[in-house]
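Everything below concerns the one structure shown next.
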Amino acid sequence: MQALIKSVEGYLSEAFKESGIPARLSDAMRYSLLAGGKRLRPVLCLATARTCAPERAAELTEALLPFACGIEMIHTYSLIHDDLPAMDDDDLRRGRPSCHKAFDEATAILAGDALLTNAFSHMTCASAPADRLIEALQLIAEAAGAEGMAGGQMLDLLGEGKRLGVEELLLLNGKKTGALLRGACECGAVLAGACAEKRAAARLYGEELGMAFQITDDILDVTGDAAVVGKEVRHDAESGKATWPSLIGLDESRRQAQVHCAAAEAALDGFFAGPDAELLRSIARGLAHRKR
Ligand code: GRG
């Protein structure tokens, strides 16, 4: 995991230094991008690709790094926009002032826009056969777009102050949080040229991980410490959001998180083995106990 994170950090630290970008815009983009996220999505993309073609693991890391880091850029854009006053209105992100607090709202909007758009130019620089690359680009566009994360954010805003049921919350979470995590895993499999069965297993793993991730995020909002979590806590209840703890209670939420983590691990069984499959398993296992 640490080696993959190091590769991701190395790539991201060189991004958006170009002289053609107005300094204030590149400063805001790099401020948020290099603020120390967990880098879960690019790691998932790379580890899934590597476990689909273990004999080419090292070569794949190098070849797919621009794609994996593009996913992190999309994720960072979503956090910047989510923190805006018109959305979740959060002053703290990744342990420091949100982009619009450190800069200003207009700059934060543009930094998010540019990260999302430029992510696609980075992703096209991945070395993979053209048909696989096009399919992966399509998948990640759908995961981030209206059918996926952006659509989930819309449902989230529409749900504020309403008492959503389990089915509605599952749909909302599957789009808002799950789509990009699932997309990262599936794209890794597609880019590595995995067969249909392995691709479906990677997708299911990402889907279950996404559910566990959102449930633990909701739990952390109730039980976490802002200094450790790196963002404001007790925010969901204040903004009238439907969450797992509010719907099924804390204990049952913890149990459900475990259930989804176990299901994520189980999705890998019979399809993936070796060190990268172990990494994917340990990510699923660690999720239920995450502190940030
Ligand atoms: C603005 C289109 C648009 C979408 C926003 C990201 C998002 C959708 C909402 C954020 C709300 C939220 C806290 C969702 C829970 C899951 C989530 C995305 C958590 C943050 O991801 P981490 O924990 O963050 O991987 P780091 O900082 O580690 O990268």
Side-chain angles (χ1 to χ4, degrees), residues 1 5 8-9 12 31-45 68-69 71-96 98-100 105 108-109 111-113 115-117 119 140-160 169 172-185 206 209-222 224 226 228-239 241-245 253 257 260 283 286-287 290-292:
M1 177 112 178
I5 290 177
V8 168
E9 295 293 351
L12 294 177
Y31 171 83
S32 292
L33 194 58
L34 304 178
K38 293 185 287 296
R39 312 308 192 197
L40 182 58
R41 292 148 192 84
V43 165
L44 287 172
C45 179
C69 290
I71 301 177
E72 184 68 11
M73 291 170 194
I74 296 175
H75 168 59
T76 304
Y77 124 76
S78 79
L79 299 178
I80 294 175
H81 281 197
D82 184 64
D83 290 338
L84 289 167
M87 299 239 186
D88 236 22
D89 196 9
D90 266 306
D91 291 353
L92 191 67
R93 173 64 66 182
R94 289 176 165 171
R96 44 192 208 164
S98 312
C99 193
H100 68 276
E105 269 183 56
I109 292 170
D113 291 341
L115 280 166
L116 171 62
T117 312
I140 215 67
E142 271 174 28
E147 311 91 325
M149 183 173 67
Q153 183 76 346
M154 187 76 253
L155 295 178
D156 194 47
L157 293 173
L158 292 171
E160 276 182 19
L169 200 51
L172 188 166
N173 291 169
K175 288 177 180 288
K176 186 182 86 168
T177 308
L180 203 58
L181 289 164
R182 185 181 65 227
C185 299
L209 203 72
M211 274 313 303
F213 196 82
Q214 182 61 58
I215 297 173
T216 53
D217 207 75
D218 288 355
I219 295 173
L220 283 176
D221 189 71
V222 179
V228 181
V229 181
K231 62 177 179 177
E232 289 176 28
V233 290
R234 324 291 173 252
H235 198 75
D236 294 338
E238 278 167 25
S239 52
K241 285 224 162 119
T243 64
W244 291 103
S253 299
H260 288 288
I283 289 174
L287 207 56
R290 75 184 176 105
K291 298 272 179 281
R292 69 179 193 106

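Model, not experiment: these values are computed from the prediction. All residue numbers in this chain count up from 1 along the given sequence. Note: hydrogens, waters and symmetry copies are ignored here, and every other heavy atom, side chains too, is used. Order of appearance sets the numbers: ligands from 1, and atoms from 1 within every ligand.
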_Going by ring-ring contact (aromatic ring centres under 6.0 Å, His included), name the residues that satisfy it together with His260, two or more places apart in sequence or in a different chain._
none
_ring-ring contact (aromatic ring centres under 6.0 Å, His included) partners for Tyr77, two or more places apart_ = His81
*asked:* Out of the candidates Asp218, Asp221, Asp156, only one should pair with Lys241 under the salt bridge (Lys or Arg N to Asp or Glu O under 4.0 Å) rule; please name it.
replied: Asp156
Pull out every atom of ligand 1 sitting under 4.0 Å from any heavy atom of [X], numbered as shown with elements.
X: His81; result: 1 (C)
X: Tyr77; result: 2 (C)
X: Gly37; result: 26 (P), 27 (O), 28 (O), 29 (O)
X: Ser78; result: 1 (C), 4 (C), 5 (C), 6 (C)
X: Gln214; result: 14 (C), 15 (C), 16 (C)

*Report yes if the side chains of Leu44 and Ile71 come closer than 4.5 Å at any heavy-atom pair, otherwise no.*
no
*Do Arg93 and Ser32 have side-chain heavy atoms sitting under 4.5 Å apart?*
no
*Examine distances only and state if a side-chain atom of Lys175 and a backbone atom of Gln153 form a donor-acceptor pair shorter than 3.5 Å.*
no
_Donor-acceptor contact below 3.5 Å, side chain Asp83 vs main chain Ser98_ = no
Pick one of side chain, backbone, both or neither for how [X] approaches ligand 1, counting any non-hydrogen atom pair under 4.0 Å.
X: His75; result: side chain
X: Arg94; result: side chain
X: Leu40; result: neither

*Say whether Arg41 and ligand 1 are in contact under the criterion: heavy-atom distance to a ligand atom below 4.0 Å.*
yes
*Min N/O separation Arg93 to ligand 1 under 3.5 Å*: no
